[in-house]
Amino acid sequence: MKRILDEALIYEILSVVEEIPEGKVATYGQIARLIGREKNARLVGKVLSMSEFYGSYPCHRVVSHNGRLAPGWAEQKYLLEEEEVPMKDDAHVDLALCRWDC
DNA sequence: GTATTGACTTTCC
DNA sequence: AGGAAAGCCAATA
């Protein structure tokens, strides 16, 4: 197994992601701020892409600032509907209602 | 050492 | 509302 990112960074991010309550979603920037890397939202996305490879985490509850779901990931929409997350469109969630309290 | 890229964010149009 | 450009950090080449 090739370590793509530093273990510490992954641990910080995944620790926050697993704390996201059901029926809510968090933005990459929000998570980035919680781990102390507000400007590293892109790193969060990269780590999340490998999160399933490192362990089972609710990465489907993480979306972009605009509620945009992960590109090339059709399953995420279904997973969110299972969590009773309000969807605006096939590829967007209603952040006004389901945004994780920070 | 610099250049490129990425599940991003913000600002401007 | 949706698209483009700039900005940011970390990893890879």
Side-chain angles (χ1 to χ4, degrees):
Chain A
M1 302 227 285
K2 151 174 153 190
R3 289 171 196 146
I4 305 174
L5 291 175
D6 283 351
E7 215 177 284
L9 201 49
I10 294 174
Y11 183 78
E12 292 177 275
I13 296 173
L14 279 297
S15 257
V16 173
V17 171
E18 71 179 350
E19 288 189 50
I20 302 175
E22 251 177 55
K24 296 220 169 173
V25 297
T27 67
Y28 299 100
Q30 194 64 65
I31 295 171
R33 183 191 312 215
L34 292 173
I35 67 174
R37 289 166 175 78
E38 185 178 353
K39 287 149 201 175
N40 278 39
R42 338 177 71 153
L43 273 296
V44 177
K46 214 175 281 222
V47 170
L48 255 44
S49 68
M50 305 182 297
S51 61
E52 58 181 318
F53 174 77
Y54 278 83
S56 299
Y57 292 88
C59 36
H60 58 270
R61 293 183 193 148
V62 183
V63 298
S64 70
H65 77 288
N66 200 26
R68 219 327 195 147
L69 303 184
W73 193 17
E75 286 186 323
Q76 185 174 19
K77 184 170 72 75
Y78 278 88
L79 293 167
L80 290 171
E81 289 182 327
E82 291 285 299
E83 303 282 326
E84 299 183 34
V85 174
M87 304 287 298
K88 281 174 94 136
D89 295 311
D90 289 354
H92 296 76
V93 296
D94 193 341
L95 288 174
L97 300 176
C98 61
R99 194 166 26 148
W100 184 31
D101 298 337
C102 47

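Chain letters run A, B, ... following the sequence lines, proteins first and then strands; every chain starts at 1.
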Measure from CG on A:Asn40 to C1' on B:dT5 and round the result to the nearest Å.
-> 14 Å
For the pair made of NZ in A:Lys88 and P in C:dG2, what is the distance, rounded to whole Å?
-> 10 Å
In whole angstroms, the gap separating C1' of B:dG6 from CD1 of A:Ile13 amounts to 13 Å
Rounded to whole angstroms, how far apart are CG on A:Leu48 and P on B:dA7?
-> 11 Å
Length of the line joining A:His92:NE2 and C:dG3:P, which is rounded to integer Å | 9 Å
Between side-chain atoms of residues 58-76 of chain A and protein atoms elsewhere (two or more places apart, or another chain), which donor-acceptor pairs fall under 3.5 Å?
{"residue": "A:Arg61", "atom": "NH1", "partner": "A:Ile20", "partner atom": "O", "Å": "2.7"}
{"residue": "A:Arg61", "atom": "NH2", "partner": "A:Glu83", "partner atom": "OE1", "Å": "3.1"}
{"residue": "A:Ser64", "atom": "OG", "partner": "A:Arg68", "partner atom": "N", "Å": "3.0"}
{"residue": "A:Ser64", "atom": "OG", "partner": "A:Arg68", "partner atom": "O", "Å": "3.3"}
{"residue": "A:Gln76", "atom": "OE1", "partner": "A:Ala70", "partner atom": "N", "Å": "2.7"}
{"residue": "A:Gln76", "atom": "NE2", "partner": "A:His60", "partner atom": "O", "Å": "3.0"}
{"residue": "A:Gln76", "atom": "NE2", "partner": "A:Val62", "partner atom": "O", "Å": "3.1"}

A:Asp6 side chain to A:Ala8 backbone, donor-acceptor under 3.5 Å | no
May I have the step-by-step check of side-chain contact (heavy atoms from CB on, under 4.5 Å) for A:Met87 and A:His92, ending in yes or no?
-> CA-CA 6 Å; A:Met87 304 287 298; A:His92 296 76; over 6 Å; no
Atom CD1 of A:Ile10 and atom C1' of C:dA10: how far apart are they, to the nearest Å?
-> 12 Å
For a side-chain contact (heavy atoms from CB on, under 4.5 Å) with A:Tyr57, tell me which candidate from A:Leu14, A:Ile10, A:Val47, A:Val16 qualifies.
-> A:Leu14
List, with names and distances, any nitrogen or oxygen atoms from the protein found under 3.5 Å away from nitrogen or oxygen atoms belonging to nucleotides 8-10 of chain B.
{"residue": "B:dC8", "atom": "O4'", "partner": "A:Arg42", "partner atom": "N", "Å": "3.4"}
{"residue": "B:dC8", "atom": "N4", "partner": "A:Arg42", "partner atom": "NH2", "Å": "2.5"}
{"residue": "B:dT9", "atom": "OP1", "partner": "A:Gly29", "partner atom": "N", "Å": "3.2"}
{"residue": "B:dT9", "atom": "OP1", "partner": "A:His65", "partner atom": "N", "Å": "3.2"}
{"residue": "B:dT9", "atom": "OP2", "partner": "A:His65", "partner atom": "N", "Å": "2.8"}
{"residue": "B:dT9", "atom": "OP2", "partner": "A:His65", "partner atom": "ND1", "Å": "3.2"}

A:Glu7 CD - C:dA11 P separation (whole Å) = 13 Å
Under 3.5 Å, sequence neighbours excluded: what are the donor-acceptor pairs made by side chains of residues 21-32 of chain A?
{"residue": "A:Lys24", "atom": "NZ", "partner": "A:Asp101", "partner atom": "OD2", "Å": "3.4"}
{"residue": "A:Thr27", "atom": "OG1", "partner": "A:Gln30", "partner atom": "N", "Å": "3.1"}

A:Asp6 CG to C:dC9 C1', in whole Å, measures 12 Å
State the NZ-CG distance between A:Lys77 and A:Asp89, to the nearest 0.5 angstrom.
-> 10.5 Å
